[in-house]
Amino acid sequence: MTTKTAPAPAAAPPAPSRRFSINMRQSGIYVAFALIVVLFTVLTDGALLQPQNISNIIVQNSYVLILAIGMILVIIGGHIDLSVGSTVALTGAICAVLTVQWGLPWPVAVLLTLLSGALIGAAQGYWIAYFGIPAFIVTLAGMLVFRALTLTTLGNQGIGPFPEEIRSLSNGFTGGYLGNIGLGPLGGADLVSLLAGVACVAGFGLSQWRKRAARLGYGQTVDPMPVFVLKIVGVAVVVMAVVVQLARFRNLPWVLVLLAALALGYSLMANNSVFGRHIYSIGGNLQAATLSGVKVKAVTFWVFVNMGVLAGLAGVIFAGRLNQAGPTAGTAFELDAIAAAFIGGAAVQGGVGKVVGAITGGLIMGVINNGMSLIGAPSERVMLVKGLVLLAAVAYDVWTKRRA
């Protein structure tokens with residue numbers, strides 16, 4: 001007679017770990033940014049962090065930051081785009097022709113300009129995704145072709161001035177709808193700008209709390225609560241410090257509002273959507289992504305269409321800031337965008353990178369340009385420092401990958 005033994009109770013799931021850990025590959029860029037800001041604040045006797053100068057850094061580098069958002073997605077997918085500078089020039093010229101020479105309403109002109117950028121991206125994406133030509137070759141050819149089309153459109157002269165609305169998008173500031181509020185020794189500051197900063201901090205804190213709760217639900221490692229709160233407080237202090245300085249000057253630049261919307265939208269797309277996950281999978285392992293059923297060609301095609309749209313937007317912003325479209329616009333913009341992506345943590349082989357990291361990389365380049373200009377450094381020294389920073393960022397990425 002056989003006896004049946006009761007099955008052993010199932011093992012309890014492991015308790016979620018709450019230990020402090022730092023991913024230096026992802027966090028190193030933010031530490032470096034903070035150190036660079038502190039360095040130039042000391043070298044410029046605090047001029048770097050003056051309200052007007054902070055506003056200038058944002059406005060003067062807005063087009064590079066827009067390009068960096070699109071470029072990081074291209075690089076994550078394992079490609080490169082050398083044509084964005086020429087695309088900025090061509091789309092700026094198209095916008096000038098539509099608004100100044102043809103007299104179209106500015107919303108229609110901007111929409112058609114973005115559509116032209118999408119067509120440029122689609123043309124290049126077709127050769128890359130469906131014809132199999134390497135992106136380096138296609139976009140190098142595009143860099144030459146689109147620059148030639150810009151020169152054909154504009155000749156040797158610029159077209160301007162642009163409508164007030166386009167110039168306001170590039171150089172304008174939000175209005176003081178609720179008036180100012182006193183901040184003691186700092187003086188008055190725009191209430192709407194301050195409320196916008198508080199809303200951003202609250203949204204960031206809520207998103208981090210939900211992410212922490214999700215990780216706990218899956219039994220993954222999270223930071224202890226004091227460390228988690230300290231990180232939120234640190235981000236809140238930095239964001240509110242910048243917002244207060246901007247609110248003391250001329251309120252929030254409209255282009256900063258646009259950048260915030262783009263950063264939020266593209267971060268959500270890259271991290272939480274199927275399309276974003278597919279981009280990472282293609283750049284991380286093309287063969288595995290193909291075998292997993294990812295539509296590699298379609299994803300690659302739309303990544304370049306997106307890059308064309310953002311280059312078109314950057315063309316409108318840059319032309320509006322100068323108040324004219326010139327034949328030499330966009331020169332070396334592709335190098336700045338690529339540098340921003342790699343400094344911001346993108347991997348040379350693809351599959352790694354974040355939108356926020358690319359924006360941080362672009363801000364690092366902007367702070368270096370601005371800080372060295374304030375201390376009177378010659379242009380060749382600025383190029384030297386930027387080149388060394390780019391080399392150090394890529395070397396750090398390779399080093400951390402080998403350690404992992």
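- Listed by first then second residue, pairs satisfying salt bridge (charged side-chain N to carboxylate O under 4.0 Å, His left out) with a partner in residues 359-388 read D336-K386, not counting sequence neighbours.
- Pairs engaging residues 48-72 under the ring pair (Phe, Tyr, Trp, His ring centres under 6.0 Å) rule: Y63-F318, Y63-F333 [sequence neighbours left out].
- Checked by atom type and distance alone, the side chain of R167 never pairs as donor or acceptor with a backbone atom of R321 at under 3.5 Å.
- Not a single salt bridge (charged side-chain N to carboxylate O under 4.0 Å, His left out) links E165 to another residue, sequence neighbours left out.
- For the residue pair V309 and A118, the shortest heavy atom distance occurs at CG2-CB, 3.6 Å.
- Rounded to the nearest 0.5 angstrom, L111 CG and S116 OG are separated by 10.0 Å.
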For residues 121-129, which side-chain N or O atoms pair as donor and acceptor with protein atoms under 3.5 Å away, sequence neighbours left out?
residue, atom, partner, partner atom, Å
Q124, OE1, S83, OG, 3.2
Q124, NE2, S83, OG, 3.0

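- Considering CG of N306 and CZ of F275, their distance stands at 7.0 Å, rounded to 0.5 Å.
- Here the side chains of L246 and I58 are in contact, with some heavy-atom distance below 4.5 Å.
- Of the possible polar contacts, none joining the E334 side chain to the V84 backbone as a donor-acceptor pair under 3.5 Å is found.
- Partner D223 forms a salt bridge (Lys or Arg N to Asp or Glu O under 4.0 Å) with one of R215, K231, R212 and no other, that one being K231.
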Listing, residues 283-294 side-chain donor-acceptor contacts under 3.5 Å, not counting sequence neighbours, or none:
residue, atom, partner, partner atom, Å
N285, OD1, Q287, N, 3.3
N285, OD1, A288, N, 3.0
T290, OG1, L286, O, 2.9
S292, OG, A288, O, 2.7

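- Using a 4.5 Å heavy-atom cutoff, the side chains of C95 and I166 are in contact.
- For residues 71-99, the ring pair (Phe, Tyr, Trp, His ring centres under 6.0 Å) pairs, not counting sequence neighbours, are H79-F304.
- The shortest non-hydrogen separation linking G197 to V243 is CA-CG2, 4.0 Å.
- In terms of heavy atoms, A247 sits closest to L194 at CB-CD2, 4.2 Å.
- The closest side-chain heavy-atom distance from T87 to D81 is not below 4.5 Å.
- Put simply, the side chain of Y30 reaches to within 4.5 Å of the side chain of T360, judged on heavy atoms.
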Exercise. Going through the distances and angles, do L259 and I359 end up as a side chain to side chain contact (heavy atoms under 4.5 Å, CB included)?
Worked result: CA-CA 9 Å; L259 279 169; I359 294 176; 5.8 Å; no
For this session: Could you walk me through whether L169 and V110 pass side chain to side chain contact (heavy atoms under 4.5 Å, CB included), step by step?
Result: CA-CA 11 Å; L169 179 61; V110 170; over 6 Å; no
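- Put simply, CE on M71 and CD1 on I80 are 6.0 Å apart, with the number rounded to the nearest 0.5 Å.
- Residue pairs meeting the salt bridge (charged side-chain N to carboxylate O under 4.0 Å, His left out) criterion with at least one partner in residues 244-260, sequence neighbours excluded, are absent.
- Looking at heavy atoms from C-beta onward, I29 lies in side-chain contact with I364 at the 4.5 angstrom threshold.
- Note: Q245 CD to I54 CD1 = 5.0 Å, rounded to the nearest 0.5 Å.
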Exercise. Yes or no on side chain to side chain contact (heavy atoms under 4.5 Å, CB included) for F162 and T99, after CA distance, side-chain angles and deciding distance?
Worked result: CA-CA 7 Å; F162 279 84; T99 55; 3.9 Å; yes
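- Under the ring-ring contact (aromatic ring centres under 6.0 Å, His included) criterion, Y218 pairs with no residue at all, not counting sequence neighbours.
- Y280 contributes a side-chain N or O that, together with a main-chain N or O of G353, makes up a donor-acceptor pair within less than 3.5 Å.
- Between the CE atom in M269 and the CG atom in L264 there is a gap of 12.0 Å [rounded to 0.5 Å].
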Side-chain donor-acceptor pairs of residues 144-160 under 3.5 Å, sequence neighbours excluded:
residue, atom, partner, partner atom, Å
R147, NH1, P327, O, 3.0
R147, NH1, A329, O, 2.8
R147, NH2, A329, O, 3.1
T150, OG1, L90, N, 3.2
T150, OG1, F146, O, 2.8
T152, OG1, A148, O, 2.9
T153, OG1, L149, O, 2.8

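- The two residues L252 and A196 make their nearest non-hydrogen contact at CD1-CB, 4.0 Å.
- With contacts defined as side-chain heavy-atom distances shorter than 4.5 Å, the pair V201/V235 does not qualify.
- Residues that satisfy the ring-ring contact (aromatic ring centres under 6.0 Å, His included) test with W106, not counting sequence neighbours, are absent from this structure.
- Side chain of N251 to backbone of F173: no donor-acceptor contact under 3.5 angstrom is found.
- The stretch residues 191-211 participates, sequence neighbours left out, in these side-chain hydrogen bond (donor to acceptor under 3.5 Å, both in side chains) pairs: D190-S193.
- Considering only residues two or more places apart in sequence or on other chains, K297 meets the salt bridge (charged side-chain N to carboxylate O under 4.0 Å, His left out) condition with none of them.
- N53 contributes a side-chain N or O that, together with a main-chain N or O of L48, makes up a donor-acceptor pair within less than 3.5 Å.
- Looking at V303 and I282, their side chains never come closer than 4.5 Å, going by heavy atoms from C-beta outward.
- Formation of a donor-acceptor pair under 3.5 Å by the S62 side chain with backbone atoms of V59 is found in this model.
- Shown are V367, V238, V38; of these, the side chain to side chain contact (heavy atoms under 4.5 Å, CB included) with F33 is made only by V367.
- Although no hydrogens or angles enter the test, the distance criterion places no donor-acceptor pair under 3.5 Å between the side chain of S55 and the main chain of P51.
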Problem set entry | M372 and V385: CA distance, side-chain angles, deciding distance, side chain to side chain contact (heavy atoms under 4.5 Å, CB included) verdict | CA-CA 9 Å; M372 298 196 73; V385 172; 3.8 Å; yes
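- We find the CG-CG distance between N56 and N370 to be 7.0 Å, quoted to the nearest 0.5 Å.
- Taking the side chain as every heavy atom from C-beta outward, N61 and L363 never approach each other to under 4.5 Å.
- Heavy atoms only, all atoms of each residue included: I75 and A341 are closest at CD1-CB, 3.6 Å.
- The minimum heavy-atom distance linking I72 with I69 is given by the pair CG2-O, 3.0 Å.
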